[in-house]
Amino acid sequence: MKERNLVFHILALLTMIVWGLSYLSSEIAMREVPPSLLAFYRFLIAGGVLYLIKRWKFKKDKIIKGDMKYLILGGIFGVALYFSLQNFAVYYTSSLNVSVLIAVTPVFTLLVQRIFFKEKLNIYKSSGVIISVFGIFLIVASKGKISLFSEGSIGDVMTICAVFSWIVYNIVIGKLKGTYSAITITAYQSLWGALFLSPTLLLDKPKMVSPLTIFNIIYLSIFCTIIAFVLYIRCLQRLGPTIITTYVNFQPVVGVIAACILLGEKINSLQFLGSSFIIISAFLVNKKVKEKNKSLIEELEV
């Protein structure tokens with residue numbers, strides 16, 4: 001049992017490495033492909049492949065009445081808006097900043113739950129919120145003089161907007177009444193997202209690109225959106241939500257290291273400190289989750 005679990009721990013780490021490198025891959029691809037067009041290519045390819053898998057493997061997954069509107073909204077907020085904002089953010093600021101700022105997603109999710117659903121905050125969650133806000137301030141301030149109208153600051157703001165778009169996506173998908181496979185949900189929302197991104201073809205006409213850009217588009221579509229997602233679901237089922245959440249927090253670490261080594265991006269002391277605060281905050285806000293999901297983990301390990 002322990003040896004089998006070790007395999008899933010390794011797969012979980014590999015999944016986070018793949019996702020952590022996605023920001024870097026997007027930054028490289030956007031040297032030749034505009035941000036929205038890159039998102040369109042990514043989800044058109046991924047959605048098409050996933051839909052074929054759904055038709056072959058999950059024929060019995062029928063979308064019940066009323067659920068398609070949530071899948072459409074999922075395509076808008078979880079694909080079209082989220083990844084357009086994320087890509088534009090990388091374009092205007094850096095893959096390093098974006099990979100770190102995206103890590104505040106669980107913190108902002110917590111704030112939304114507190115404001116709209118009256119969820120109580122314990123000492124760990126409250127500390128996580130405060131620390132993350134301070135971390136964001138340090139990263140924004142790391143550029144020197146703060147200007148809300150500079151490209152870097154606009155990129156940071158777009159990242160935060162992407163975070164809120166993802167929170168709305170989670171709320172929308174949580175309203176699905178039917179029980180569907182992850183493949184089915186991802187296939188439909190990817191295709192709907194690609195449809196809403198398709199007008200970008202009128203604004204940014206496709207052109208010939210280098211083999212390196214094609215490789216990165218394939219990497220984002222096949223490895224990040226299909227393979228890594230399927231591995232994530234399997235690891236979630238085997239290891240439980242607590243352990244997999246801990247691994248998710250390593251994504252920004254991978255993103256920062258990759259940006260420094262492969263793109264030569266320099267990380268200054270404020271960025272390092274801010275990144276550390278945000279990563280610590282992500283662990284803190286998930287502290288209570290361990291206790292809540294202990295029984296679930298035990299069931300999954302049986």
Side-chain angles (χ1 to χ4, degrees), residues 11 14-16 18-19 21-23 25-26 29-30 33-87 162 165-206 209 213-238 244 248:
L11 289 175
L14 288 174
T15 301
M16 297 312 134
V18 170
W19 278 343
L21 291 172
S22 67
Y23 307 101
S25 184
S26 296
M30 283 187 293
V33 180
S36 292
L37 193 59
L38 176 62
F40 170 74
Y41 287 150
R42 174 176 178 174
F43 288 97
L44 180 65
I45 295 170
V49 173
L50 285 169
Y51 186 75
L52 291 176
I53 295 174
K54 184 264 177 191
R55 296 280 295 180
W56 168 58
K57 194 77 174 177
F58 303 97
K59 292 181 180 179
K60 294 182 179 180
D61 266 7
K62 303 293 183 182
I63 307 301
I64 65 175
K65 185 178 180 181
D67 273 358
M68 185 57 76
K69 64 183 178 184
Y70 296 124
L71 292 172
I72 293 173
L73 289 172
I76 294 173
F77 289 100
V79 175
L81 272 178
Y82 177 77
F83 284 97
S84 288
L85 286 167
Q86 186 186 103
N87 286 351
S165 181
W166 187 256
I167 292 171
V168 173
Y169 161 75
N170 283 327
I171 293 173
V172 166
I173 292 301
K175 292 181 178 294
L176 288 172
K177 297 176 182 177
T179 302
Y180 312 105
S181 68
I183 294 291
T184 298
I185 293 173
T186 310
Y188 277 106
Q189 67 187 24
S190 293
L191 289 174
W192 279 112
L195 178 64
F196 286 110
L197 287 166
S198 60
T200 191
L201 291 168
L202 301 175
L203 302 175
D204 302 298
K205 293 183 179 179
V209 296
T213 298
I214 293 173
F215 169 80
N216 281 285
I217 292 173
I218 293 173
Y219 176 79
L220 291 167
S221 302
I222 305 300
F223 288 88
C224 294
T225 311
I226 299 177
I227 296 176
F229 184 80
V230 172
L231 286 177
Y232 176 79
I233 295 298
R234 287 294 293 119
C235 291
L236 176 63
Q237 293 171 335
R238 187 65 194 175
I244 201 67
V248 168

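Predicted model only: the values in this text are computed from it and were never measured.
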For Met68 and Ile63, work out which heavy atoms get closest and say how close. N-CG2, 3.8 Å

Atom of Lys59, atom of Lys62 and distance for their closest heavy-atom approach: O-CE, 3.5 Å

List for me each residue that meets side chain to side chain donor-acceptor pair (under 3.5 Å) alongside Tyr219, sequence neighbours excluded, and say none if there are none. none

So, Lys54 side chain and Asp61 main chain: donor-acceptor pair closer than 3.5 Å or not? yes

Return the minimal non-hydrogen interatomic distance between Thr200 and Leu197, and the atom names on each side. CG2-O, 2.9 Å

Does any pair with a residue in residues 54-82 pass ring-ring contact (aromatic ring centres under 6.0 Å, His included), and if so which ones, sequence neighbours excluded? Tyr82-Trp166

Could you tell me which residues satisfy side chain to side chain donor-acceptor pair (under 3.5 Å) with Ser221, sequence neighbours excluded, listed by chain and number? none

Any chance you could lay out the side chain to side chain contact (heavy atoms under 4.5 Å, CB included) test for Ile226 and Thr186, step after step, and finish with the verdict? CA-CA 9 Å; Ile226 299 177; Thr186 310; over 6 Å; no

Give a yes or no on whether Phe223 atom CZ has more than 12 heavy-atom contacts from other residues, nucleotides or ligands under 6.0 Å away. no

Validation row: Phe83, Gln86 side chains within 4.5 angstrom (heavy atoms): yes

Is there a side chain to side chain contact (heavy atoms under 4.5 Å, CB included) between Ile72 and Phe196 once you walk through the steps? CA-CA 9 Å; Ile72 293 173; Phe196 286 110; 3.8 Å; yes

Just list the side-chain donor-acceptor pairs under 3.5 Å for residues 34-52, sequence neighbours left out, or say none.
from  : atom 1 : to     : atom 2 : distance (Å)
Arg42 : NE     : Leu220 : O      : 3.3
Arg42 : NE     : Thr225 : OG1    : 2.9
Arg42 : NH2    : Thr225 : OG1    : 3.4

Do Val168 and Leu73 have side chains that get closer than 4.5 Å, going by heavy atoms? no

In short, Val172 meets Gly74 closest at the heavy-atom pair CG1-N, 4.1 Å

How many angstroms lie between atom OH of Tyr169 and atom CD1 of Ile167, to the nearest 0.5 angstrom? 13.5 Å

With Asn216 via side chain to side chain donor-acceptor pair (under 3.5 Å) - residues at least two apart: Ser25

Of Ile185, Thr184, Leu191, which is the lone residue that meets side chain to side chain contact (heavy atoms under 4.5 Å, CB included) with Tyr188? Thr184

For Val18 and Ala228 the tightest heavy-atom approach is CG1-CB, 4.0 Å

Does Val230 have any side chain to side chain contact (heavy atoms under 4.5 Å, CB included) partners at least two apart in sequence or in another chain, and if so, which? Ile183

Check whether any side-chain heavy atom of Leu231 sits under 4.5 Å from a side-chain heavy atom of Leu14, and report yes or no. no

What are the two closest non-hydrogen atoms of Ala80 and Ser84, and how far apart are they? O-OG, 2.7 Å

